[in-house]
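Hydrogens, waters and symmetry mates are skipped; everything else that's a heavy atom, side chains included, is used.
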Amino acid sequence: MPEGLERAVPEIGRDLFDVLVIRTDFSDDEAWNAVVGELRRPWGPGGEFPAGVQLVDAPVWSGATADEVLAAAVDEDLLVVFLADRDTMQSPAHALLALSTVWEDVSGLDPVYYQELIEAPEPREFRAVPAAVHGVQMDLAARQRGLRRARCGCLRRA
């Protein structure tokens with residue numbers, strides 16, 4: 001990262017149901033444009049919902065890791081951040097990396113009481129095709145499903 005620049009998730013006036021996508025790979029503008037085109041398409045069973053998308057397309061994020069993005073995501077209303085990383089750009093499906101901002105470390109839990117949670121913690125990340133990210137955001141924002149159930153829905157959609 002160039003000296004003097006700071007990575008920060010911008011404070012933007014976004015709706016709770018808008019998806020936030022941060023571009024971390026700048027190697028293929030054509031692939032990026034394809035991802036953006038898919039993200040901006042109406043979604044839902046009949047395409048009845050408008051796509052609310054906030055894009056962070058700033059070279060300061062080039063090469064940022066999942067941990068770096070999560071460290072910069074301090075908005076308490078932000079439940080998930082989607083990354084357009086190298087794998088996104090190179091994959092024919094352009095699957096984005098979904099990062100939960102509410103992931104919890106279970107290493108300090110008492111195994112007597114929390115064995116099931118320790119053995120099968122909620123995943124911190126998974127991949128979702130651009131057409132599925134709005135559903136993931138909606139599910140998480142409405143708190144109707146945990147990240148694990150949202151992930152299963154994305155895998156079925158992919």
Side-chain angles (χ1 to χ4, degrees), residues 1-103 122-158:
M1 179 169 58
E3 198 171 315
L5 294 178
E6 184 179 328
R7 290 179 177 151
V9 174
E11 290 188 29
I12 48 182
R14 65 179 183 81
D15 185 277
L16 182 61
F17 299 106
D18 288 354
V19 297
L20 175 63
V21 179
I22 298 176
R23 182 181 183 185
T24 63
D25 182 88
F26 291 81
S27 65
D28 188 341
D29 286 337
E30 188 176 321
W32 171 244
N33 290 332
V35 169
V36 171
E38 278 294 312
L39 289 168
R40 290 190 170 150
R41 294 176 75 170
W43 67 281
E48 66 270 20
F49 302 117
V53 182
Q54 299 291 334
L55 301 172
V56 177
D57 185 8
V60 70
W61 288 98
S62 181
T65 66
D67 288 332
E68 290 170 332
V69 171
L70 288 174
V74 294
D75 181 348
E76 64 186 43
D77 292 327
L78 187 62
L79 302 173
V80 62
V81 177
F82 297 93
L83 299 189
D85 60 3
R86 181 173 306 276
D87 290 338
T88 302
M89 302 305 178
Q90 293 178 351
S91 165
H94 299 302
L96 298 153
L97 183 63
L99 300 173
S100 171
T101 63
V102 293
W103 179 77
E122 293 288 324
R124 181 183 88 156
E125 59 189 56
F126 63 92
R127 293 221 170 250
V129 295
V133 299
H134 299 288
V136 171
Q137 179 69 33
M138 176 67 104
D139 288 343
L140 294 175
R143 300 185 190 271
Q144 292 174 351
R145 301 184 195 189
L147 195 56
R148 180 180 309 157
R149 288 184 63 193
R151 181 189 72 165
C152 292
C154 278
L155 293 176
R156 283 193 300 269
R157 292 180 196 126

So, for [X] and [Y], which heavy atoms are closest and what is the spacing to 0.1 Å?
{"X": "Trp32", "Y": "Ala84", "answer": "CZ3-CB, 3.5 Å"}
{"X": "Ala66", "Y": "Leu97", "answer": "CB-CD2, 4.5 Å"}
{"X": "Gly47", "Y": "Pro42", "answer": "O-CB, 3.2 Å"}
{"X": "Thr88", "Y": "Arg127", "answer": "OG1-NH1, 3.4 Å"}
{"X": "Ser91", "Y": "Ala95", "answer": "OG-N, 4.2 Å"}
{"X": "Pro130", "Y": "His94", "answer": "CD-O, 3.3 Å"}

Whether His134 side chain and Leu39 backbone form a donor-acceptor pair below 3.5 Å: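 Indeed, once roles are kept as given, a pair shorter than 3.5 Å links the two residues.
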For the side chain of Thr24 and the backbone of Gly63, is there at least one donor-acceptor N/O pair under 3.5 Å apart?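 No, the answer is negative, given that no donor and acceptor are paired below the 3.5 Å cut-off.
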Count the heavy atoms belonging to other residues, nucleotides or ligands that lie under 6.0 Å from CD of Glu30, then report whether that count exceeds 12.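 Not more than 12 within 6.0 Å, no.
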Could you list the residues that satisfy side-chain contact (heavy atoms from CB on, under 4.5 Å) with Leu70, not counting sequence neighbours?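 Scan of Leu70 (side-chain contact (heavy atoms from CB on, under 4.5 Å), adjacent residues dropped) gives Leu99, Thr101, Arg124.
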Enter the distance from [X]:[atom1] to [Y]:[atom2] here, rounded to the nearest 0.5 Å.
{"X": "Phe49", "Y": "Met138", "atom1": "CZ", "atom2": "CE", "answer": "5.5 Å"}
{"X": "Ile22", "Y": "Gln54", "atom1": "CD1", "atom2": "CD", "answer": "11.5 Å"}
{"X": "Asp29", "Y": "Arg23", "atom1": "CG", "atom2": "CZ", "answer": "5.0 Å"}
{"X": "Trp61", "Y": "Leu83", "atom1": "CH2", "atom2": "CG", "answer": "8.5 Å"}

Identify, with sequence neighbours excluded, every residue that meets ring-ring contact (aromatic ring centres under 6.0 Å, His included) alongside Phe26.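 Residues passing ring-ring contact (aromatic ring centres under 6.0 Å, His included) with Phe26: none at all.
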Does either side chain, that of Ser27 or that of Asp25, offer a donor lying less than 3.5 Å from an acceptor on the other one?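 Yes, Asp25 and Ser27 have a side-chain donor paired with an acceptor closer than 3.5 Å.
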Chi angles and distances behind the side chain to side chain contact (heavy atoms under 4.5 Å, CB included) call for Phe126, Val80: CA-CA 11 Å; Phe126 63 92; Val80 62; 5.8 Å; no
Quick one, Leu55 and Arg40 - any side-chain contact, counting heavy atoms below 4.5 Å?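 Yes, their side chains come closer than 4.5 Å.
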